[in-house]
Amino acid sequence: QVQLVESGGGLVQPGGSLRLSCAVSGSIFSIYGMGWHRQVPGKQRESVAAITRGGRTNYADSVQGRLTISRDAAKNTVYLQMNSLKPEDTAVYYCTTYLDLAQYVSRRGDSWGQGTQVTVSS
């Protein structure tokens with residue numbers, strides 16, 4: 001069992017930056033990769049960034065070049081650095097785990113955090 005706790009969300013103006021954190025605890029040895037998804041009311045949750053335990057990263061086209069996923073193995077924490085934020089980035093952001101390659105490729109998350117709200121508005 002893995003527990004995930006996100007933090008770092010908030011209100012930011014367009015063009016601003018935020019860094020989200022996801023603290024991981026529990027059976028972390030079974031994790032193949034991790035990712036960040038986001039969801040707005042009335043829409044499906046979408047993957048925005050993912051990282052394997054080997055450090056390979058993947059991004060949605062809509063965030064490429066603006067969002068960066070990284071991890072600190074010593075702290076069991078995954079980050080999402082968000083730059084040049086746009087109003088359309090407003091959403092609840094969730095951290096998730098992928099237990100194997102199949103889950104990673106399909107972005108089908110296993111464990112989920114509670115989410116953190118990001119609001120981009122002037």
Q.
So, taking the atom named CE in M82 and the one named CG in L67, what distance separates them when rounded to the nearest 0.5 Å?
A. 4.5 Å
Q) Listed by chain and number, what are the side chain to side chain contact (heavy atoms under 4.5 Å, CB included) partners of V40, not counting sequence neighbours? A) K43, A91
Q | Pairs involving residues 43-87, ordered by first then second residue, that meet disulfide (SG to SG under 2.5 Å) (sequence neighbours left out) | A | none
Q: Hey, could you give me the CG/CD1 distance between L80 and I69, rounded to the nearest 0.5 Å?
A: 6.5 Å
**Q.** Residue pairs fulfilling ring-ring contact (aromatic ring centres under 6.0 Å, His included) with at least one residue in residues 95-122, sequence neighbours excluded
**A.** Y32-Y104, H37-W112, Y98-Y104
Q) Going by heavy atoms in the side chains, are L4 and M34 under 4.5 Å from each other? A) yes
Q: Using the disulfide (SG to SG under 2.5 Å) rule, collect all pairs that involve residues 22-122, keeping only residues at least two apart or in two chains.
A: C22-C95
Q.
For T119 versus Q117, what's the shortest heavy-atom pair and its separation?
A. OG1-NE2, 3.3 Å
Q.
I'd like to know whether CD of E88 has more than 12 heavy-atom contacts from other residues, nucleotides or ligands below 6.0 angstrom.
A. yes
Q. Which residue pairs pass the side chain to side chain donor-acceptor pair (under 3.5 Å) test with at least one member in residues 64-77, sequence neighbours excluded?
A. R66-D89
Q.
Tell me the closest heavy-atom pair linking P14 and S122, and the distance in Å.
A. CD-N, 3.7 Å
Q: Work out which heavy atom in N58 is nearest to a heavy atom in R107; give both atom names and the distance.
A: CB-NH2, 3.0 Å
Q: Any disulfide (SG to SG under 2.5 Å) involving residues 63-92? Give me the pairs, sequence neighbours left out, ordered by first then second residue.
A: none
Q. Just how far is it from atom OG1 of T96 to atom CD1 of I31, taken to the nearest 0.5 Å?
A. 9.5 Å
**Q.** Pairs touching residues 59-83 that satisfy ring-ring contact (aromatic ring centres under 6.0 Å, His included), sequence neighbours left out
**A.** none
(Q) Taking disulfide (SG to SG under 2.5 Å) as the cut-off, I'd like each qualifying pair that reaches into residues 41-77, sequence neighbours left out, listed once. (A) none
Q: With sequence neighbours excluded, tell me which residues meet salt bridge (charged side-chain N to carboxylate O under 4.0 Å, His left out) with R19.
A: none
Q: With sequence neighbours excluded, tell me which residues meet ring-ring contact (aromatic ring centres under 6.0 Å, His included) with Y94.
A: none
Q. S121: what forms a side chain to side chain donor-acceptor pair (under 3.5 Å) with it, not counting sequence neighbours?
A. none
(Q) Restricting to side chain to side chain donor-acceptor pair (under 3.5 Å), what partner residues turn up for S62, sequence neighbours left out? (A) none
Q: Determine whether more than 12 heavy atoms belonging to other residues, nucleotides or ligands lie under 6.0 Å from atom CD of Q44.
A: no
